[in-house]
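Read the structure below first, then the notes.
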Number of protein chains: 2
Amino acid sequence: MTTSLAEENYLKIIYRLCEGTKEDISTNSIAELTNNKAASVTDMLQKLAEKGWVTYQKYQGVRLTKIGESIALSIIRKHRLWEVFLVEKLGYNWDEVHEIAEQLEHIESETLINKLDSFLDFPKIDPHGDPIPSQEGEIPELGYLHLSEVKLNETCTLMGVAKDSAVFLQLLTKLNLSLGARLEVVEINTFDRSVSLKIAEEKPIFISYEVAKNILVKI
Amino acid sequence: MTTSLAEENYLKIIYRLCEGTKEDISTNSIAELTNNKAASVTDMLQKLAEKGWVTYQKYQGVRLTKIGESIALSIIRKHRLWEVFLVEKLGYNWDEVHEIAEQLEHIESETLINKLDSFLDFPKIDPHGDPIPSQEGEIPELGYLHLSEVKLNETCTLMGVAKDSAVFLQLLTKLNLSLGARLEVVEINTFDRSVSLKIAEEKPIFISYEVAKNILVKI
DNA sequence: ATTAATTTTTAGTCTAGTCTAAAAATTAAT
DNA sequence: ATTAATTTTTAGACTAGACTAAAAATTAAT
């Protein structure tokens with residue numbers, strides 16, 4: 001069965017919301033991320049349920065079915081592979097690629113995405129450190145922690161980000177925080193959970209909890 | 001102003017029809033190429049005229065305005081650059097890329113297409129020998145002839161095709177006719193205008209007028 | 001355990017882009 | 001120069017996907 005652009009965007013966003021939780025997903029939370037009104041979302045959920053891509057109970061929220069999940073994963077795979085292309089081959093920065101990949105992820109061609117994968121040398125992660133699902137829909141488990149969970153005086157490596165909005169990525173760039181950086185947590189303020197970090201041997205920088213939470217690291 | 005997918009497809013097709021002729025373009029001819037009904041075409045022509053992309057007189061056909069033409073050219077530029085990418089970088093054959101490029105040509109990003117251009121080393125022609133419009137909408141004039149116009153016993157070089165349907169391209173491939181081949185016209189049948197060709201020093205092959213007409217050559 | 005607040009759904013409307021059927025204009029044919 | 005055939009346009013209807021406003025269900029608060 002074929003998927004429209006609108007349907008693909010819904011499935012992708014429902015997937016993202018499912019990831020965090022075992023709870024069913026609320027209409028409102030979808031409305032927020034799709035920038036649609038709740039009424040429109042209800043409409044679409046009924047269509048998606050009709051097609052067998054979500055299980056949906058009136059007033060009780062929604063979840064992806066196996067098929068729905070595999071459609072979502074294939075879109076995410078395409079999105080992330082195109083991001084690798086844009087950064088590695090065309091020379092974009094990591095904060096510039098999201099919008100373009102949002103368009104490219106809807107190009108429909110099985111062979112295209114596999115040839116692209118091969119051209120890029122089968123990358124496992126995208127430019128933000130997010131794992132790239134395989135053709136079969138397997139996501140390499142990377143076991144990263146949020147920087148906000150790292151203990152005082154521990155050292156870790158910046159492996160990715162949990163959010164890829166341009167402003168956030170630009171902030172990291174300004175702070176000299178890039179993939180692979182070695183970070184030592186030299187101070188944690190219990191009051192607001194903000195953190196001081198040493199990058200390599202530089203003098204410490206200060207980041208808020210909000211930022212620390214969205215940085216993924218490996219110990 | 002922004003262009004919808006449907007609008008872009010109409011403009012592209014009107015451009016192609018304008019190319020051949022100084023006459024205004026008929027509703028029916030557009031209907032045929034867009035695979036829409038004439039009534040739908042009329043509707044769209046009125047919208048395009050409204051936006052200033054075509055001049056349109058009821059019952060008198062349609063032409064692109066300067067702006068309409070530049071939109072069409074930018075889509076054609078994108079289409080052809082993506083085709084080069086698909087063939088040169090991803091290893092597709094020339095008869096496999098049209099459908100995918102039809103999708104990619106609608107990706108909207110000024111920077112993307114220029115970075116792609118640079119990544120591909122500023123190609124002047126696509127995998128079918130068609131010229132790639134510049135960012136400013138200039139089309140390199142290649143001065144090619146149709147093979148059907150070549151005189152008896154003349155020798156020429158295959159530079160491109162005037163039609164890029166998969167079946168046609170596959171036929172050429174089967175006949176060993178590829179870009180750059182040296183062709184000698186050894187016989188022209190006045191009855192049906194079919195042609196016998198020698199490719200390099202091989203024994204002659206026979207092609208119909210229909211095929212010869214769609215092969216572009218340089219003397 | 002009611003009432004109030006919030007969330008979700010229904011009902012009805014809108015737009016873009018398509019369609020069919022019928023009317024109008026143009027072109028071709030006698 | 002009429003009539004016939006063809007092309008094009010109008011009119012009205014449909015679908016996908018969005019919206020607003022109002023109704024219904026759920027959740028929270030007293």
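Just so we're on the same page: letters track the sequence lines, and every chain starts at 1.
- When base pairs are accepted only as Watson-Crick or G-U wobble with both N-N or N-O distances under 3.5 Å, DNA chain C takes part in stems of 3 or more pairs at C:1-30 with D:1-30.
- At a threshold of 4.0 angstrom between heavy atoms, the contacts of Thr42(B) include nucleobase atoms, whether or not backbone atoms are also involved.
- Across the protein-nucleic acid pair, Asp43(B) atom CG and dT20(C) atom P stand 14 Å apart, rounded to whole Å.
- In summary, the side chains of Ser178(A) and Trp94(A) do not present any donor paired with an acceptor at a separation below 3.5 Å, with no hydrogens or angles considered.
- Listed pair Ser26(B) / dT7(D) fails the phosphate criterion, with no side-chain N or O lying under 4.0 Å from OP1 or OP2.
- Taking side-chain N and O atoms only, Gln46(A) has a distance below 4.0 Å to OP1 or OP2 of dT10(C).
- Trp82(A) and Phe85(B) have tilted rings, their planes meeting at an angle from 30° to 60° on a 0 to 90° scale.
- Asn28(B) has a side-chain polar atom (N or O) that falls below the 4.0 Å cut-off from OP1 or OP2 of dT8(D).
- Across all their heavy atoms, Val84(B) and Asp126(B) have their closest contact at CG2-CA, 3.7 Å.
- Within the nucleic acid shown, Ala38(B) comes within 4.0 Å of at least one base atom, counting heavy atoms only.
- Atom pair Tyr10(B):OH and dA16(C):P shows a separation of 14 Å (rounding to whole Å applied).
- Looking at His128(A), His98(A), His106(A) one by one, the single match for ring-ring contact (aromatic ring centres under 6.0 Å, His included) with His79(A) turns out to be His98(A).
- Between Lys58(A) and the phosphate of dA24(D), there is no side-chain N or O to OP1/OP2 separation shorter than 4.0 Å.
- Rounded to an integer number of Å, the gap from Lys47(B) NZ to dA16(C) P is 6 Å.
- One can place CG of Leu45(A) at 11 Å from P of dA18(D), the figure rounded to the nearest angstrom.
- Between Gln60(B) and dT26(C) there is a side-chain N or O to OP1 or OP2 distance below 4.0 Å.
- Out of dA24(D), dT18(C), dG17(D), the shortest distance to the side chain of Glu7(A) is found at dG17(D).
- For Tyr59(B), whose side chain is taken as the heavy atoms from C-beta onward, the closest listed nucleotide among dT9(D), dT20(D), dT8(C) is dT9(D).
- Using a 3.5 Å distance cut-off with no hydrogens or angles, the side chains of Tyr59(B) and Thr27(B) do not pair a donor with an acceptor.
- Rounded to whole Å, atom C1' of dT9(D) lies 14 Å from atom CD of Gln57(B).
- Distance, Ile30(A) CD1 to dG17(D) P: 15 Å, rounded to whole Å.
- Contact between the side-chain N/O atoms of Ser40(A) and the OP1/OP2 oxygens of dG17(D) is not found at any separation under 4.0 Å.
- Atom CD in Glu50(A) sits about 14 Å away from atom P in dT15(D), given to the nearest Å.
- For dT20(C), one of the phosphate oxygens OP1 or OP2 lies less than 4.0 angstrom from a side-chain nitrogen or oxygen of Lys37(B).
- With dG17(C), dA21(C), dT9(C) as the choices, the nucleotide that has an atom nearest any side-chain atom of Thr27(A) turns out to be dT9(C).
- Ala31(A) and Val41(A) make their closest contact through CA-CG2, 3.5 Å (heavy atoms, listed as atom of the first residue, atom of the second, distance).
- Defined by atom type and a distance below 3.5 Å, a donor-acceptor pair is missing between the side-chain atoms of Asp24(A) and Tyr56(A).
- To the nearest angstrom, P of dG17(C) lies 14 Å from CD1 of Ile13(B).
- Within the 4.0 Å cut-off from OP1 or OP2 of dT9(C), at least one side-chain nitrogen or oxygen of Tyr56(A) is found.
- The cationic atom of Lys89(B) (NZ for Lys, CZ for Arg) does not lie both less than 6.0 Å from the six-membered ring centre of Phe119(A) and within 45° of the ring axis.
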